[in-house]
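Down below is the structure, laid out as structure tokens.
Proteins get letters first, then strands, A, B, ... in listed order; numbering begins at 1 in each. Excluded from the calculations below are hydrogen atoms, water molecules and symmetry mates; all remaining heavy atoms, backbone and side chain alike, are included.
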Amino acid sequence: MPASEAGAPPAPFRLYNTLSRQVEPFEPLVPGHVSIYACGMTVYDHAHVGHARAFVVFDAFVRWLRTGGWSVRFVRNYTDVDDKIIRRAAELGEDPFALAQRYIDDFRADCDALELAPPEAEPRVTTSMDDILAMIGELVAKGHAYAQGGSVWFRVDSFADYGQLSGQRPDKVCAAPDTGDKADPRDFALWKAAKDGEPSWPSPWGPGRPGWHIECSAMARSCLGHTIDIHGGGLDLVFPHHENEIAQSTCANGQPFSRWWMHNGLLTLVKHTADGVVQDVKMGKSLGNVVNIRDALQQVPAEALRLYYLQAHYRSPLPWTDDALTEALAMLARLYEARELAARMQGEGDADRVAEALGADAQEVLSLGRAFPERFAQALADDFNTSAALGLAFELTRALNRLANHKKAASRGGPVVGPALEALAHLSVLGLLTRTSEAFDEEVKDKRLAALGIDRAHVEQLLAQRTQARADKDWARADALRAELDALRIVVMDRPGGVAWKLRLTEG
RNA sequence: GGCGGCGUACCCAAGUGGCCUAAGGGAAAGGUUUGCAAAACCUUCAUUCACCGGUUCGAAUCCGGUCGCCGCCUCCA
């Protein structure tokens, strides 16, 4: 239940607004409630890890708002009819609606794999046609749009504030030589007259289909109302998509469209040019340099991908490299291992007294654990700074490990690490540290062994042989087996309770 | 050409006027530990925040300039 309904006001926070280009204290339209519309997928291909960043960031953001007591209504659309879908379908000789549905199903599987909380609504263009036509009709009636040759165009000239989001000056905007006979080259399509063989819907202006931008304006209005709190999407949507949405919605609704515009940074890839220069270029479908979500998730657990995204601030560009994922996985493993060590600590009694008895490292764990909720909340309340928030978790992790080195920690540290364990549980807000250590270890082994092409049975066999060699005190043979395992990236750990092993995640 | 943004250690990355003689992760070197290891911990690793000026008692943080890079202006998360 939202805290607002329970009487307590939701936790305040600050959020960067692309409109004002600064971080501002968030103020909802309706106290205690936040309405969010995020631009979703155009479903003509698999979703890639660049898309996933946007989805993970907004998923984490929404979850965090909810734990802060906000009542959130989150909407994310599907663009299921558009030029690219039609073209792709034609290439494959497939029905465009069937193709779109196929990729929607595909995308939902990715969402499940990424453990994204489902939005309250996922409107589709093809089922929102009435809303879209109604809005176009209003724009025509108000003189903001005109029909020409079966198409309807938005008259950019009729909206004085055009360009406010992207900083474009209306007189400097030069649109592409779009098809159709527009009155002004800057005008953009609200309704596209049907061409032969294309899917179309009847309209007062003749058969056709919606332009790209109008769908979001119409669906946001029907799902969330005339003015929404936060509109999100990738930075590459600022112009022209979001600019055009603002123009359409503001003109049709007669009131501001979205109070906040929240844009996530893009993934970049290192590109080696012919003359050996290295530069970062954006990952994009049109550049053909994408990595699909499912391919990434074959390499590592979804949580590692989440950590990879959230370790950087959402607005920063984020470099995608060959070992970025395994590096994130190594970080995640560090968190899991520390949590496990802490969870195994025994003992009882008053935390402060036990900490005093165990010494400074224990007292540090206790105070860091107690201070964590407040500091964590502060970091996230400052423009959703997940990077700083995660830094706190690693600070705590090191303190826990330091404590664990003490001889008495395992038998007596329990009360001291209580707050720290609660602190680490906070990371579930970001979708991290959500499973048991055993489940995590198994998933890592399964995925990494498969990704590296290593046979698990063979590994187990080598481990058994080494255990025998050690029992025989045949150290030479034990070391040789260790070396053999090491070549397979298997790290063997001799522990009091037996032999444990794991995969070396980062390159030495 | 227009608009916006960025430049922090070997790599990734927080910090945006004094708590910064700059968080966190990875890599590297030495040490503790170990049959040998691994993990973990300790120490070292930016007196410095692209460069040059300026404002200020005080700047990585503000202002001006220079250089480099990125995004958008065409579909793109």
A/R21 CZ to B/rG71 C1', in whole Å, measures 12 Å
Is B/rA40 paired to anything, Watson-Crick or G-U wobble with both distances less than 3.5 Å, and if yes, which nucleotide? B/rU32
Taking the same atom, C1', in B/rU56 and in B/rG64, what whole-Å distance lies between them? 16 Å
Distance between the P atoms of B/rC42 and B/rA23, in whole angstroms? 15 Å
Reckon A/H263 touches a base, only the sugar-phosphate, or nothing at all at heavy-atom distances under 4.0 Å? nothing
Aromatic ring proximity A/W261/A/H242, centre distance under 6.0 Å: yes
Among the nucleotides B/rA77, B/rC73, B/rG2, which one has an atom lying closest to any side-chain atom of A/Q168? B/rG2
Assuming nearest nucleotide by heavy-atom distance, tell me which of A/G167 and A/T268 is located more 5' along RNA chain B. A/G167
Passing option when A/N289 is tested against A/L267, A/V281, A/T268 for side chain to side chain contact (heavy atoms under 4.5 Å, CB included): A/V281
Is there a side-chain contact between A/S316 and the phosphate of B/rA14, meaning an N or O under 4.0 Å from OP1 or OP2? yes
Does the pair A/W64 and A/F384 meet the rule for a ring-ring contact (aromatic ring centres under 6.0 Å, His included), with working shown? CA-CA 9 Å; A/W64 168 72; A/F384 200 50; 5.6 Å; yes
Taking CG from A/N244 and C1' from B/rC73, how many angstroms apart are they, rounded to a whole number? 12 Å
Please work out if A/G232 contacts a base, only the sugar-phosphate, or nothing of the nucleic acid, heavy-atom cut-off 4.0 Å. nothing
Tell me what A/T321 touches on the nucleic acid: a base, only sugar-phosphate, or nothing, going by heavy atoms under 4.0 Å. nothing
Would A/R76 count as a cation-pi partner of A/Y37, with NZ or CZ less than 6.0 Å from the six-membered ring centre and within 45° of the ring normal? no
Which base, if any, makes a Watson-Crick or G-U wobble pair with B/rA22, both distances under 3.5 Å? none
Euclidean distance for C1', B/rA28 against B/rC12 (whole angstrom): 15 Å
Of the listed B/rG26, B/rA77, B/rC72, the closest approach to the A/K282 side chain comes from B/rC72
Residues in residues 377-407 of chain A with a heavy atom under 4.0 Å of RNA chain B, by number, are A/N385, A/S387, A/A388, A/G391, A/F394, A/R398, A/N401, A/R402, A/N405
Could you check whether the side chain of A/R315 and the base of B/rG5 have a donor-acceptor pair of N or O atoms closer than 3.5 Å, going by distance alone? no
Validation row, ring centre A/F107 to ring centre A/Y78 under 6.0 Å: yes
Within the structure shown, what part of the strands sits under 4.0 Å from A/L266 by heavy-atom distance: base, sugar-phosphate, or nothing? base
Only pairs with both distances under 3.5 Å count, Watson-Crick or wobble alike; so what is the partner of B/rA14 in this structure? none
So A/M493, base contact, sugar-phosphate only, or nothing? Heavy-atom distance under 4.0 Å. base
If you round to the nearest 0.5 Å, how far is CZ of A/R448 from CZ of A/R489? 6.5 Å
At under 4.0 Å, does any side-chain N or O of A/R334 touch on OP1 or OP2 of B/rC41? yes
For A/W153, is the NZ or CZ atom of A/K192 found under 6.0 angstrom from the centre of its six-membered ring and inside 45 degrees of the ring axis? no
Distance in angstrom units between A/N264 CG and B/rG71 P, rounded: 15 Å
Classify the angle between the aromatic ring planes of A/H51 and A/F55 as parallel (below 30°), tilted (30 to 60°) or perpendicular (above 60°). parallel
Could you tell me the separation between the CH2 atom of A/W261 and the P atom of B/rC3, rounded to a whole number of Å? 22 Å
Distance, rounded to the nearest Å, where A/H46 contributes NE2 and B/rA77 contributes P: 15 Å
Would one find more than 12 heavy atoms of other residues, nucleotides or ligands at under 6.0 Å from atom CZ of A/R21? yes
I'd like to know if A/D494 reaches the base of B/rC36 with its side chain, counting only an N/O donor and acceptor under 3.5 Å. yes
Need the pair for B/rG58. Rule: Watson-Crick or G-U wobble, both distances under 3.5 Å, any strand; none if unpaired. none
Can you measure A/Y314 atom OH to B/rA13 atom P for me and round it to whole angstrom units? 17 Å
Between B/rA27 and B/rC45 - C1' atom distance, rounded Å: 11 Å
Just to be sure I understand the rule, does A/M283 reach a base, reach only the sugar-phosphate, or reach nothing, if contact means heavy atoms closer than 4.0 Å? base
Does any donor-acceptor pair link the side chain of A/R53 with the base of B/rA77 at a separation under 3.5 Å? no
Please work out if A/G50 contacts a base, only the sugar-phosphate, or nothing of the nucleic acid, heavy-atom cut-off 4.0 Å. base
Separation of the C1' atoms in B/rG25 and B/rC51, to the nearest angstrom: 29 Å
If you compare all heavy atoms of A/C223 against all heavy atoms of A/A121, which two are closest, and at what distance to 0.1 Å? SG-CB, 4.2 Å
Distance between the P atoms of B/rG1 and B/rA60, in whole angstroms? 33 Å
Nucleotide nearest A/R482 (side chain, heavy atoms from C-beta), chosen from B/rG35, B/rA13, B/rC36: B/rC36
Spacing of the C1' atoms in B/rA77 and B/rG18 (rounded, Å): 40 Å
Once you apply a heavy-atom cut-off of 4.0 Å, does A/V57 come out as touching a base, just sugar-phosphate, or nothing? nothing
Which base sits across from B/rG4 as a Watson-Crick or G-U pair, both distances under 3.5 Å? B/rC70
Without decimals, in angstroms, what is the distance between A/K473 NZ and B/rC36 P? 12 Å
Residue met sooner reading RNA chain B from 5', once A/P317 and A/V491 are mapped to nucleotides: A/P317
Let's test your reading of the model: under 3.5 Å, does the base of B/rG35 pair with the side chain of A/R466 as donor and acceptor? yes
Which of A/E245, A/E243, A/H241 passes side-chain hydrogen bond (donor to acceptor under 3.5 Å, both in side chains) with A/H213? It is A/H241
A/L485 CG to B/rA37 C1', straight-line distance once rounded to whole Å: 12 Å
Quantified in whole Å, what is the P atom distance between nucleotide B/rG58 and nucleotide B/rC72? 42 Å
